[in-house]
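Scroll down for the structure; my scribbles are underneath it.
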Amino acid sequence: MKVIIAEKPSVGREIAKVFGATTKKDGYIEGKGYTFTWAFGHLLQLAAPQEYGYYGWNVQNLPMLPKKFKLAIRKIKTKNGLVEDPGVRKQLDIIKTLFDEATEIIVATDAGREGELIFRYIYYYLKCKKPFKRLWISSQTDAAIKDGFRNLKPGTDYDTLFNSAHCRSQSDWLVGMNATQALSLSSRSRGVLSLGRVQTPTLAMICARYLENKNFIPQTYYQVAMQLDKDGQLFKAISEKNFKTREEAQAVLDLVEAAGLIESVEAKPRKEPPPLLHDLSSLQQEANKRKGFTADQTLSLLQNLYESKLVTYPRTGSRYIGDDVFAEVPALIAKFNHHTEFGKQATLLGETKLNKRSVNAKKVTDHHAILPTGETPRNLSADQQAIYDMVSGRMLEAFHGDCIKEITKITVLSGSKFMASGTVIQTPGWRAVFNDKDEEKKDEENATLPKVTQGEILPIVDKALLEKQTKPKPLYNEASLLKALETAGKEIDDEELRQAMKDSGLGTPATRAAMIETLLKRNYIAREKKNLVPTSTGLSVYEVVKTHRIAQAELTGAWEKRLEEIRGGASVSEFQEEIKTYTRDITRELLLAGKEMVLS
DNA sequence: GCAAGGTC
């Protein structure tokens, strides 16, 4: 008997379906000589410090450097503290029984570093010795699955990938556990002061932005505005220059005459391509902007929709689909032909050539972009419906044509030079789907401009001196923080580190929402209206760690570079030694620095 | 009491 193990039930069932296996059992499916089972993500994790004899929280234990890491069944929090997750225990028992009976195992966990780790941790924990092969596919269409099974890889091909995954896991444990205890103990804080490779740079970003915003000194500047009249249609023009002093602006204002000469008129069409399909992060950002949902709420609503088979896999980091999935898109779009809001646009799309901007198999990683499945939704809550509409509306947008705008710039002479600009949508294209108001217009922009010609002289009906102030960068909210986490590392000077981080950023799509919740739970940050601001505790921690590597995105870049080398066959023990050295250093530094910490 | 990673 061959046993196929997937990362999650949905994938296990999908593969079983392709094989025509139909006998559903508790925790697996049988048929056609195969058994299909699954994990629920990571069933096993690196064991807690006490499993290595480090009891209690004690400076004497630090740094904790286990000789050999152990695995433990995933825990859940109950009122009696941490206990083994019974569902996980049960599934692990099922997997053990199946592995014991197996002649061969086929590994169908997600095609990536963590997918490899999920399987290997199970395999080694169960002390399994059966041979295994690897299924490596990036979409779960019938064709992709069949093709993948014709091209199974030897399991050992992925040994170095497992090494890199295991190193990632151990390193996060070593640095996180030790740094957390070191700072919590030395600061004599009442609560836990947690630190980690991802959470601490995130906290640092929030704190740095908050301080920059709070300490910003606004600069006053001046502009001169006028209103011109073209056959009764008024429009606004602003001085070409900004002025540092009121006097300079006043002088320009005084020179404005009763009429202005149209010096030039420039009208250019601009094509605006449709947005890409959603990945989790872009959807979380949009839901935060449109509905004020937190990243965590959006993920949980999307998970509900996924479990009801209404949308595809939610925790994806790709905004693209492959050609195989694209082949199914026309039929999917047609399902929305009678939708109350999008029906007209869906029908229209059915008659036109689809935009293939979101189609690129090379940019599909473990999972493709989020799409509706085409199943008809029933009894959705208002919030679920809102998320579902964002997913399906985005699909219609993504395959729509460009939006064509006309950007007009007019220069007016009256004493000095003035500019008027306006944007008119000529062909809405994808913008017809939601028919939203255009993104926030600059206040000097006119909604529409009258037709004027060069050389014309128009009466000036009003003029004024405007006093304005420069504005600081805004505080982070969930949407802008998620964006910043995705792009973290883009400004690293070191070319190699920047390169190593360019596809990842800080954290992963699956973990970012939970990480924001962790910072809130630790009382490091708080929600203030839609903004995320640091608390006094958060700022105190930031002050202590801000100059250390643990507070910088570069640390992730440096690790990613080394992990990629390990995947390519480089020495594991060398990296492990570096991490141990770093762990000793950061622990020692924090044991000292924490003593100086001011906690209110 | 602690990380980051995955998912019901």
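Quick caveat: nothing in here was measured; it's all calculated off a predicted structure. Reminder, nothing fancy here: chain letters follow the sequence lines and each chain counts from 1. We use all heavy atoms of the structure for the numbers below, so side chains are in, but hydrogens, waters and symmetry mates are not.
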**Prompt:** So what does A:Thr511 touch, heavy atoms closer than 4.0 Å: a base, only the sugar-phosphate, or nothing?
**Reply:** base

**Message:** In this structure, how many angstroms lie between the P atom of B:dA3 and the OH atom of A:Tyr524, rounded?
**Reply:** 9 Å

**Asked** With distance as the sole criterion, is a donor-acceptor pair present between the side chains of A:Tyr542 and A:Thr200 under 3.5 Å?
**Response** no

**Complete:** note: A:Lys521, atom NZ; B:dA4, atom P; distance rounded to Å ~ 12 Å

**Fill in**
Of A:Pro509 and A:Val192, the one whose closest nucleotide on DNA chain B sits nearer the 5' end is A:Val192

**Item:** Spacing between A:Arg197 atom CZ and B:dA3 atom P, to the nearest angstrom
**Value:** 13 Å

**Request:** Pick base, sugar-phosphate or nothing for A:Tyr54, based on heavy-atom distances below 4.0 Å to the nucleic acid.
**Result:** nothing

**Message:** Regarding A:Asp585 and A:Arg549, does a basic nitrogen lie under 4.0 Å from an acidic carboxylate oxygen?
**Reply:** no

**Prompt:** Looking at A:His278, A:Gln285, A:Gln284, which one forms a side chain to side chain donor-acceptor pair (under 3.5 Å) with A:Ser281?
**Reply:** A:Gln285

**Prompt:** Going by heavy atoms closer than 4.0 Å, what residues in residues 73-94 of chain A are next to DNA chain B?
**Reply:** A:Arg74, A:Lys77

**Prompt:** Expressed in angstrom and rounded to an integer, what is the separation of A:Leu555 atom CG from B:dA3 atom C1'?
**Reply:** 12 Å

**Request:** Would you please confirm or rule out a distance under 4.0 Å between OP1 or OP2 of B:dA3 and any side-chain N or O of A:Gln45?
**Result:** no

**Request:** Starting from C1' on B:dA3, measure out to CZ on A:Phe69 and report it in whole angstrom.
**Result:** 11 Å

**A:Gln170 CD to B:dC2 P, straight-line distance once rounded to whole Å** = 22 Å

**Request:** Give A:Val198 one of three labels, base, sugar-phosphate or nothing, depending on what nucleic acid heavy atoms sit under 4.0 Å from its own.
**Result:** sugar-phosphate

**Request:** Assess the side chains of A:Arg197 and A:Thr556: does a donor N or O sit below 3.5 Å from an acceptor N or O?
**Result:** yes

**Message:** Considering every strand and a 4.0 Å limit on heavy-atom distances, what is the contact class for A:Asp110: base, sugar-phosphate, or nothing?
**Reply:** sugar-phosphate

**Request:** Among the candidates B:dA3, B:dG5, B:dC2, find the nucleotide nearest to the side-chain atoms of A:Leu46.
**Result:** B:dA3

**Asked** Base, sugar-phosphate, or nothing: which does A:Gly115 touch, judged by heavy atoms less than 4.0 Å apart?
**Response** nothing

**Complete:** From the list A:Lys133, A:Lys129, A:Arg134, salt bridge (charged side-chain N to carboxylate O under 4.0 Å, His left out) with A:Glu104 holds only for A:Lys133

**Message:** Within 45 degrees of the ring normal and closer than 6.0 Å to the centroid, is that where the cationic atom of A:Lys8 sits relative to A:Tyr313?
**Reply:** yes

**Message:** By the 4.0 Å heavy-atom rule, please label A:Glu114 as base, sugar-phosphate, or nothing.
**Reply:** sugar-phosphate

**Message:** Whole angstroms only, please: what is the CG-P distance between A:Asp172 and B:dG6?
**Reply:** 11 Å

**Message:** Closest approach to the side chain of A:Pro49, judged atom by atom: which nucleotide of B:dC8, B:dT7, B:dC2 is it?
**Reply:** B:dC2

**Request:** Measure from CG on A:Leu183 to P on B:dA3 and round the result to the nearest Å.
**Result:** 12 Å

**Item:** Cation-pi geometry met for A:Arg562 and A:Phe575 (6.0 Å, 45°)
**Value:** no

**Request:** Give a yes/no verdict on base stacking between B:dG1 and A:Trp57: centres under 5.5 Å, planes within less than 30° of parallel.
**Result:** yes

**Message:** Can you confirm if the NZ or CZ of A:Arg168 lies within 45° of the ring axis of A:Trp173 and under 6.0 Å from the centre of its six-membered ring?
**Reply:** no

**Request:** State whether A:Ser169 places a side-chain N or O below 4.0 Å from either non-bridging phosphate oxygen (OP1 or OP2) of B:dG5.
**Result:** no

**Prompt:** Does A:Leu43 or A:Gln50 map to a spot on DNA chain B nearer the 5' end, using the closest nucleotide for each?
**Reply:** A:Gln50

**Request:** With the side chain of A:Arg522 defined as its heavy atoms from C-beta on, choose the nearest nucleotide among B:dC8, B:dC2, B:dG5.
**Result:** B:dC2

**Request:** Answer yes or no: does a side-chain N or O of A:Arg315 lie under 4.0 Å from OP1 or OP2 of B:dC8?
**Result:** yes

